[in-house]
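Quantities reported herein were computed from a predicted structural model and do not represent experimental measurements. Counting starts at 1 for both ligands and their atoms, in listed order.
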Amino acid sequence: MSQVYEKLMNAYRCYQEQVDFQPRIGLVLGSGLGTFAREVEVKATLPYSRIEGFPVSTAPGHAGQFVFGYLEDVPIVLMQGRIHFYEGYDITDVVLPERLMGLMGARVLFLTNAAGGFGDGFHPGMLMMITDHISCFVPNPLVGQNIGELGTRFPDMSNVYDLELQEIIRQTAAREKIELKEGIYAQLTGPSFETPAEIRMLKSLGASACGMSTVVEAIAANHMNMRICGISCITNMAAGFSRQKQTQEEVQETADRVGEVFCRLVRESILAIDRELR
Ligand code: HPA
């Protein structure tokens, strides 16, 4: 057994020993969705510190636990606090939580994040559904011995963000009268923000937003055949697209301001997705 798989299995055993709840959907809470747990009838929590070998998040504003419960009648697991590569963890540790949610039974992985925007017509505070991603600037979490129990050596990546889920989110946004942009998200390692030249490069590659998470998580979940969707909260204009400097304070401030609308879109989308897929 590979070390990565062994660690995952240990984490899975910790979950099984401590939590009697099987989620259908996994939701990674990015900045702006910190209060999402209020929407959920909580049945159990599992702090990351109580999972053997689990990386413990050090990012500001991230609590560091799984929350299990019902969103109306949908059994869901929330990640309050994700693991970022810039925290210094091995890339396989960064995606361990998503793999674990897959093992718990989540068939859908709903990814959210805060991102710097540079798409045409973008402004801080808007929401962008991720239609595709660029992963070339971060390590691939599947490098190393393939975990055959999870998926194939060379996974197809032509539809990472499930087309049916995209359509449900699109229709949900329209029904809720929430403006929703669409675009390609590029992940960089961080923790430094990008230079204007880097952002011009990303734009010339077709991206509309960038951040320091999400893509590696989507790669690992796609490897396991989970159905994936994602929404970015554009918290700031990226370097060169704003006279302001990029700061964590602005990211948090915008995320907090948009939080209520973001929560509503995610909540209604999840309910619609579960209705559709059941
Ligand atoms: N760059 C990278 N990551 C981010 C940004 C940004 O401008 N905003 C929020 N996360």
Once you restrict both partners to nitrogen or oxygen, which atoms of ligand 1 have a protein partner under 3.5 Å, and how far apart are they?
from     : atom 1 : to     : atom 2 : distance (Å)
ligand 1 : 1 (N)  : Glu194 : OE1    : 2.8
ligand 1 : 1 (N)  : Glu194 : OE2    : 3.2
ligand 1 : 7 (O)  : Asn236 : ND2    : 2.9
ligand 1 : 8 (N)  : Gly116 : N      : 3.2
ligand 1 : 8 (N)  : Asn236 : OD1    : 2.6
ligand 1 : 10 (N) : Ala114 : O      : 3.4

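- For the side-chain hydrogen bond (donor to acceptor under 3.5 Å, both in side chains) test, no residue two or more places apart in sequence or in another chain qualifies with Glu260.
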Could you walk me through whether His223 and Asn146 satisfy the side-chain contact (heavy atoms from CB on, under 4.5 Å) test, starting with their C-alpha distance in whole Å, then the side-chain angles of each, then the deciding distance to 0.1 Å, before giving a yes or no? CA-CA 10 Å; His223 179 235; Asn146 183 50; 3.0 Å; yes
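- Shown here are the ring pair (Phe, Tyr, Trp, His ring centres under 6.0 Å) partners of Tyr70, two or more places apart in sequence or in another chain: Phe21.
- Taking CG from Asn222 and OH from Tyr161, the interatomic distance works out to 9.0 Å, rounded to the nearest 0.5 Å.
- When the ring pair (Phe, Tyr, Trp, His ring centres under 6.0 Å) test is applied to Phe54, the partners found at least two apart in sequence or on another chain are Tyr48, Phe66.
- Closest approach of Leu180 and Met129 over heavy atoms only: CD1-N, 3.7 Å.
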